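Below is one structure, written out as structure tokens, with a few remarks after it.
None of these values were measured; they are calculated from a predicted model.
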Amino acid sequence: MFLIVVLGACQGGNQAQDTDRLLHLSSEASTAVTQQVSHDIEEWLKKNPEIKAVEAVNGEKEMVLAYDVHHEKRFQMSEIESKLKKQLSEKKSSLEVTMSSDKKILSEVMELKKDMVKKNLTKKEINHRVKKIISLSYETA
């Protein structure tokens, strides 16, 4: 049973990377809302040694940033989150950023990114889904 869990976890990481590559290649052509800001922030945060995974997606005015930290850093979550908020405020993005370390929000953001690639969502659909994820993040907080 342990082997099945480990193998499943390993496949999940590769799938996320594949989706990220697909989204990067087709994001400008397939969506009505450019995801360049989200992509830049993802790449910037991936360089942070405390961050294990990060996914971001944005609508016209709002961005959802979901992240996961390494297991041994879980006890320092409040410090990490305040540090990330400070660094993001220095970026001076015109978007309102909602951050979450909840795995459910991370999963929802990943699913939205996949749908953006597969279903060619409209600007209205993207904005609606981003707002829905933001409201979910407040429920789980």
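Annotation for Glu96: atom CD does not count as buried by contact number, only 12 or fewer foreign heavy atoms lying within 6.0 Å.
Of all heavy-atom pairs between Ala56 and Glu42, the closest is N-OE2, 2.6 Å. Taking both residues in full, the closest heavy atoms of His70 and Pro49 are given as CD2-O, 3.2 Å, listed atom of the first, atom of the second, then distance. For Val130 against Val57, the heavy-atom pair with the smallest separation is CG2-CG1, 4.3 Å. The two residues Met116 and Ile126 come nearest to each other via the heavy atoms CE-CD1, 4.1 Å. Across all non-hydrogen atoms, the minimal contact from Ile51 to Ala53 is CG2-O, 3.5 Å. Between Trp44 and Leu88, the shortest heavy-atom distance links the atoms CZ3-CD2, 3.8 Å.
Under the 3.5 Å distance criterion, the side-chain polar atoms of Glu55 are left unmatched by any main-chain donor or acceptor of Ala66.
Here the CD atom belonging to Glu62 is positioned 4.0 Å from the CD1 atom belonging to Ile134, to the nearest 0.5 angstrom. From Asp102, atom CG reaches atom CD of Glu108 across 10.0 Å, with rounding to the nearest 0.5 Å. In this structure, Met63 CE and Ile41 CD1 are separated by 3.5 Å, a value rounded to the nearest 0.5 Å. Atom CE of Met99 and atom NZ of Lys85 lie 6.0 Å apart (nearest 0.5 Å). Here the OG-CG distance, from Ser38 to Leu95, works out to 7.0 Å after rounding to the nearest 0.5 Å. Rounded to the nearest 0.5 Å, atoms CG (Leu106) and CG (Leu65) are 9.5 Å apart.
Within the 4.5 Å cutoff, side-chain heavy atoms of Lys123 are placed close to those of Asn127. Contact of the Val69 side chain with the Met77 side chain is registered, since non-hydrogen atoms from C-beta on lie closer than 4.5 Å. Here the side chains of Glu81 and Leu84 are not in contact, with every heavy-atom distance at 4.5 Å or above.
Residues in residues 125-135 take part in these salt bridge (charged side-chain N to carboxylate O under 4.0 Å, His left out) pairs, two or more places apart or across chains: Asp115-Arg129.
Remark: Lys103 engages Asp68 in a salt bridge (charged side-chain N to carboxylate O under 4.0 Å, His left out) (not counting sequence neighbours).
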| field | Full working for side-chain contact (heavy atoms from CB on, under 4.5 Å) between Thr98 and Ile133 | value | CA-CA 10 Å; Thr98 302; Ile133 294 171; over 6 Å; no

| query | Is there a salt bridge (charged side-chain N to carboxylate O under 4.0 Å, His left out) between Lys46 and Glu43 once you walk through the steps? | reply | CA-CA 5 Å; Lys46 285 178 182 177; Glu43 293 301 315; 3.8 Å; yes

| message | Is there a side-chain contact (heavy atoms from CB on, under 4.5 Å) between Lys83 and Glu50? Walk through the geometry before answering. | response | CA-CA 11 Å; Lys83 187 170 106 176; Glu50 298 163 333; 3.2 Å; yes

